[in-house]
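Atoms within a ligand are numbered from 1 in the order they appear, just like the ligands themselves. What you see below is based on every heavy atom in this structure, not just the backbone, and it leaves out hydrogens, waters and symmetry mates.
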Amino acid sequence: MKKLVIANWKMLPTSLAEAQEILARMDDVLGELGENREMSLVVCPPFVFIEEVARTLGTGHLEHSAELGAQDIAIQESGALTGEVSGSQLAKLGVHYVIIGHSERRWKLGESDATVNEKLKVALRDGLIPIVCVGERTREGEWQAELSAQVQATFSGVSSDDLGRCLIAYEPVWAISTNPGARPDTPESAAQSVALLRDVLGQQRFLYGGSVTDKNARAFLERPEFSGVLVGGASVRAEEFTRILEISATI
Ligand code: PGA
């Protein structure tokens, strides 16, 4: 199975020109890697760039190798919800994936497990592939019980068929590169957390996220527990990200 590399650009590209430069480097490296590369790429730009990024992803080497993701979805399928973007609007722009329950939304913007759960169900109804982020805030106290409770609430009422359509990103909050004192988890310890997630969710496709760089990507991608990586900060550093793509193509 091809390893998946997901670029979560967050709010980081400051202009469309910057976003296009990153895509141009991705296109170059995909061309260099050739047709038989064992890797798939999903690019999740900020909403404002989605339409342009969709156009670019339909060109050159990106066309058959990269897919489009969104970073969030409205809690409702349609209607009056100022500032939000619906799943069907996203789907019409060519979006196939959507990040749900990212820790920055949970902890900086107050998104509850219940909200994440509703967004997940909306994404599934709209035919998008949810990339559902879960992870503990610290490794102190009863963190495993907290993680397990978060996962249960996040997936509450989701059928096993629908669960099988999700990608589950294990992203310990303390490992997200922009959080104070952040450090990546080790592949061994992240794999143990995945074992815990499997106890709750069964056998699913798991990704690792949190300070993934060109230095540690291989160690995560080589582990059978992980179907891929979710890359934040390093995904807008074009040279570094192309190295991550090169690494993932060789695994
Ligand atoms: P990071 O972010 O790679 O910058 O730690 C990952 C994420 O937030 O998805």
Side-chain angles (χ1 to χ4, degrees), residues 3-14 18-19 22 26 39-47 49-50 53 66-73 95 97-111 116 119-120 123 128-139 147 150-151 154 166-187 189-190 193-194 197 205-221 223 226-248:
K3 295 282 178 171
L4 195 57
V5 179
I6 298 177
N8 173 16
W9 283 358
K10 311 195 183 202
M11 203 171 67
L12 296 170
T14 53
E18 193 181 323
I22 302 168
M26 289 179 187
M39 164 263 294
S40 312
L41 168 64
V42 176
V43 182
C44 303
F47 285 136
F49 302 143
I50 278 193
V53 171
E67 291 193 271
L68 188 58
Q71 298 177 15
D72 190 28
I73 187 172
V95 170
Y97 293 79
V98 59
I99 298 174
I100 308 264
H102 191 279
S103 61
E104 284 151 10
R105 300 203 61 83
R106 288 179 188 266
W107 301 113
K108 294 187 179 168
L109 299 167
E111 237 173 59
V116 173
K119 289 186 171 187
L120 170 56
L128 299 169
I129 300 174
I131 303 162
V132 187
C133 299
V134 295
E136 74 283 359
R137 285 187 88 171
T138 70
R139 279 278 167 96
L147 175 59
Q150 182 197 57
V151 172
T154 296
C166 298
L167 291 162
I168 299 152
Y170 172 60
E171 294 209 310
V173 182
W174 50 268
I176 303 286
S177 66
T178 42
N179 289 339
R183 61 192 189 288
D185 201 355
T186 63
S189 134
S193 296
V194 164
L197 300 179
R205 285 177 300 163
F206 293 96
L207 312 170
Y208 171 77
S211 297
V212 173
T213 65
D214 57 342
K215 305 286 180 298
N216 62 19
R218 176 177 296 281
F220 286 103
L221 287 164
R223 290 208 65 117
F226 295 110
S227 302
V229 286
L230 176 45
V231 187
S235 72
V236 293
R237 299 194 289 270
E239 294 312 312
E240 183 171 351
F241 191 66
T242 55
R243 282 195 293 279
I244 295 175
L245 291 178
E246 283 164 357
I247 291 163
S248 62

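Judged by the shortest distance from any of its heavy atoms, G210 lies inside the 4.0 Å radius around the atoms of ligand 1. Ligand 1 has no atom lying under 4.0 Å from any heavy atom of A234.
Nearest non-hydrogen protein atom to atom 9 (O) of ligand 1 is E171 OE2, 2.8 Å. Ranking the protein heavy atoms by distance from atom 1 (P) of ligand 1 puts S177 OG, 3.5 Å first. Among all non-hydrogen protein atoms, the one lying nearest atom 2 (O) of ligand 1 is K10 NZ, 3.2 Å. Taking atom 3 (O) of ligand 1 as the reference point, the nearest protein heavy-atom neighbour is G232 N, 2.9 Å.
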Criterion salt bridge (Lys or Arg N to Asp or Glu O under 4.0 Å) on R237 and D214, from CA distance to verdict: CA-CA 10 Å; R237 299 194 289 270; D214 57 342; over 6 Å; no

List the steps and the verdict of side-chain hydrogen bond (donor to acceptor under 3.5 Å, both in side chains) for W174 and E136. CA-CA 8 Å; W174 50 268; E136 74 283 359; 2.9 Å; yes

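Using modelled atom types, no side-chain atom of K10 and backbone atom of P45 make a donor-acceptor pair closer than 3.5 Å.
Taking the six-membered ring for Trp and the full ring otherwise, the centers of F220 and Y208 sit less than 6.0 Å from each other.
Residue-ligand proximity, G233 to ligand 1, at heavy-atom distances under 4.0 Å covers atoms 1 (P), 3 (O), 4 (O).
L4 CG to S248 OG: the interatomic distance, rounded to the nearest 0.5 Å, is 9.5 Å.
A cation-pi contact, defined as under 6.0 Å to the ring centre and within 45° of the axis, links R137 to W107.
For I176, heavy-atom contacts with ligand 1 shorter than 4.0 Å involve the backbone as well as the side chain.
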